[in-house]
Amino acid sequence: MIKNWLKNIGPGPLVAAAFIGPGTVTVCTLAGVDFGFALLWAMVLSVIATIVLQEMSARLGIISQKGLSEVIRSEIKNPVFKVLAIILILSAIVVGNAAYEAGNISGGVLGLETIIGNQSIAISGYSLNLLSLLIGIIAFALLYIGNYKVLEKVLVSLVILMSLAFLLTAIITKPNIYELLKGAFVPKFPDGSLLMVIALIGTTVVPYNLFLHASLVKEKWYNSKDLKYARKDTLIAVVLGGLVSMCIIVSAASIQKLDIHNASDLAKGLEPLFGSFAKYFLGLGLFAAGITSAITAPLAAAYVASGCLGWQGGLRSKKFRSVWIFILILGVLFSSLNIKPIDIIRFAQVANGVLLPIIAGFLIWIMNKSSILGVHKNNLKQNIFGSVILLISILLSVATLSKVFQLNIL
């Protein structure tokens, strides 16, 4: 069974690698420190929502042999709406991923620094982090090769490393299984937890993964007979990704300290209680989370730009490469010089918050079109699940806007 799955493994692990970035690690760490096991149910909900939407995205990619942004460009007939949709998608995904890329690389650096210490040099009054450059070079090399199978193998290996690292860290803390299961399956909102619940869902159900998945499945599968492999691939990878997030919450719940603000602090906090192994496991996990997201974020942006602007050529085309190179260079620059592009990140949060329900709504609409999917369009059950998730994404969007603009909507 495992041998067959490894043989038919697809872009599912890349999707998991994309949503388990340093931001997810930090959010899960704070959720565990502040609320213990109480918000594990939010991760269970997020995993279910992600599986439903990513399955639709994969099905669309395999049956239509087009990326989601390509379908949006061809299906919206009104020229005004088409231009508005393309601008919104490009700004949210391309500009947004450029802003988040510095955080992805910085997260990988934090993981390495936990293990080998700070590796910075001073140049003309600026502190240049050599580890940021190292991660940037690794990401550049893998993306420039332009070979999907190579990318797949490397990212699958990193996801397995990340999963084992966080799983072992959680096991070391010896959690109370009854309390853990209660937190996972009995929803509750402790005082002050609403924004954290929103953050846990928002960091797992991400718009750019819907574009990434639809584009990547075309590199692996070509006809409807492959749908069963894509579904199994999506289910296993997203569940595994959700378990990684839960392991981080469980690990963080074992420490009740006020000075823990990110996963690096958690690694240091675990060491006196559970030994240096905990620190190394967590450091490796954070490094893997950072570097996988540092690869998938530029890749997703390049796919989105290609689809929205009608570019042809694939992974090795000059235009495709120019997008991910630009995003990667920006990320390395901001990370190595420790610059935090707060305004751009805030803009990206707003754009992604607005984009998620729009893309989820468009995806559900398109998944009901026989002209595109034929007999593989959504059934009643898929539409019900999709509609519930759409409602959640609308509430998430309102809450995100409320948070960014400091309104009292929720």
Discussion item. Main chain of Gly103, side chain of Ser106: is a donor-acceptor contact present, judged purely on distance under 3.5 Å?
Written reply: no
Worksheet item: Can any side-chain N or O of Ser293 pair as donor or acceptor with the backbone N or O of Asn104 at less than 3.5 Å?
Response: no
Worksheet item: Can you find a pair of side-chain heavy atoms, one from Thr292 and one from Ile20, that are under 4.5 Å apart?
Response: no
Discussion item. Keeping Thr203 on the side-chain end and Ala199 on the backbone end, is there a donor-acceptor pair under 3.5 Å?
Written reply: no
Practice prompt. Give the minimum heavy-atom separation between Gly386 and Met56, together with the two atoms involved.
Written response: CA-CE, 4.1 Å
Discussion item. Taking atom NZ as the centre, does Lys82 end up with more than 12 heavy-atom neighbours from other residues, nucleotides or ligands that are less than 6.0 angstrom away?
Written reply: yes
Practice prompt. Check the pair Ile325 / Ile329 against side chain to side chain contact (heavy atoms under 4.5 Å, CB included), numbers first and verdict last.
Written response: CA-CA 6 Å; Ile325 287 172; Ile329 288 173; 3.6 Å; yes
Worksheet item: Short question: side chain of Thr29, backbone of Ile249 - any donor-acceptor pair under 3.5 Å?
Response: no
Discussion item. If the test is ring-ring contact (aromatic ring centres under 6.0 Å, His included), which one of Phe320, Tyr148, Trp311, Tyr208 qualifies with Tyr303?
Written reply: Phe320
Item to complete: Determine whether Asn368 and Ile364 make a side-chain contact, defined as any pair of heavy atoms from C-beta on separated by less than 4.5 Å.
Response: yes
Item to complete: First locate atom CD1 of Ile93, then atom CG of Leu88, and finally report the distance between them rounded to the nearest 0.5 Å.
Response: 8.5 Å
Discussion item. Tell me every residue that passes ring-ring contact (aromatic ring centres under 6.0 Å, His included) with Tyr222, counting only those two or more places apart in sequence or in another chain.
Written reply: none
Practice prompt. Would you check if Ile72 and Ile359 make a side-chain contact, meaning some heavy-atom pair closer than 4.5 Å?
Written response: yes
Worksheet item: Hey, does Glu152 have a side-chain heavy atom less than 4.5 Å from the side chain of Glu219?
Response: no
Worksheet entry | Test ring-ring contact (aromatic ring centres under 6.0 Å, His included) applied to Phe326 - qualifying residues, sequence neighbours left out | none
Practice prompt. Determine, stepwise, if the pair Ile236 / Lys232 fulfils side chain to side chain contact (heavy atoms under 4.5 Å, CB included).
Written response: CA-CA 6 Å; Ile236 293 172; Lys232 189 181 291 185; 3.8 Å; yes
Worksheet item: Arg321 side chain to Tyr144 main-chain N or O, any donor-acceptor pair under 3.5 Å?
Response: yes
Worksheet entry | Sub-4.5 Å side-chain heavy-atom contact between Arg231 and Thr234 | no
Worksheet item: Do you know the tightest heavy-atom contact between Ser254 and Ser251?
Response: OG-O, 2.6 Å
Worksheet item: If every non-hydrogen atom of Ala58 is compared with every non-hydrogen atom of Val217, which pair is closest and at what distance?
Response: O-CG2, 3.6 Å
Discussion item. Any heavy-atom pair between the side chains of Asn209 and Gln54 that's under 4.5 Å?
Written reply: yes
Discussion item. Please report the interatomic distance OG(Ser132) to CD1(Ile137), rounded to the nearest 0.5 Å.
Written reply: 11.0 Å
Worksheet entry | Residue among Ile372, Asp226, Asn223, Leu227 satisfying side chain to side chain contact (heavy atoms under 4.5 Å, CB included) with Ile63 | Leu227
Worksheet item: Which atoms form the tightest heavy-atom contact between Ile248 and Cys28, and what is the distance?
Response: CG2-CB, 3.7 Å
Practice prompt. Tell me, yes or no, whether the heavy-atom count around Phe37 atom CZ, taken from other residues, nucleotides or ligands under 6.0 Å, exceeds 12.
Written response: yes
Practice prompt. Evaluate whether atom NZ of Lys182 has more than 12 neighbouring non-hydrogen atoms of other residues, nucleotides or ligands under 6.0 angstrom away.
Written response: no
Practice prompt. Would you check, one step at a time, whether the test side chain to side chain contact (heavy atoms under 4.5 Å, CB included) holds for Asp233 with Trp221?
Written response: CA-CA 12 Å; Asp233 177 61; Trp221 294 303; 4.0 Å; yes
Discussion item. When you compare the side chain of Leu143 with that of Pro298, does any pair of heavy atoms fall below 4.5 Å?
Written reply: yes
Worksheet entry | Partner set under ring-ring contact (aromatic ring centres under 6.0 Å, His included) for Trp41, not counting sequence neighbours | Phe189
Worksheet item: Do the side chain of Lys77 and the main chain of Ser74 share a donor and acceptor less than 3.5 angstrom apart?
Response: yes
Worksheet entry | Over all atoms of both residues, closest heavy-atom pair of Ala289 and Val25 | CB-CG2, 4.0 Å
Discussion item. Between Thr169 (side chain only) and Ala165 (backbone N and O only), is there a donor and an acceptor less than 3.5 Å apart?
Written reply: yes
Worksheet, complete the sentence: OG1 (Thr296) and CD (Glu101) are apart, to the nearest 0.5 Å, by 8.0 Å
Worksheet item: How far does CG of Asn97 sit from CG of Leu330, to the nearest 0.5 angstrom?
Response: 12.0 Å
Item to complete: Using a 4.5 Å cut-off on heavy atoms from C-beta on, say whether the side chain of Leu45 contacts that of Ile392.
Response: yes
Worksheet, complete the sentence: All heavy atoms of Ala85 vs all of Ile76, minimum pair found to be CB-CD1, 3.8 Å
Worksheet item: If you measure from CD1 on Ile89 to CG on Leu68, what distance do you get to the nearest 0.5 Å?
Response: 7.0 Å
Worksheet item: How many angstroms lie between OG in Ser46 and CE in Met246, if you round to the nearest 0.5 Å?
Response: 8.5 Å
Discussion item. Could you go through Ile48 and Val44, starting from their C-alpha distance and side-chain angles, then the distance that decides it, and tell me whether this counts as side chain to side chain contact (heavy atoms under 4.5 Å, CB included)?
Written reply: CA-CA 6 Å; Ile48 294 169; Val44 174; 4.2 Å; yes
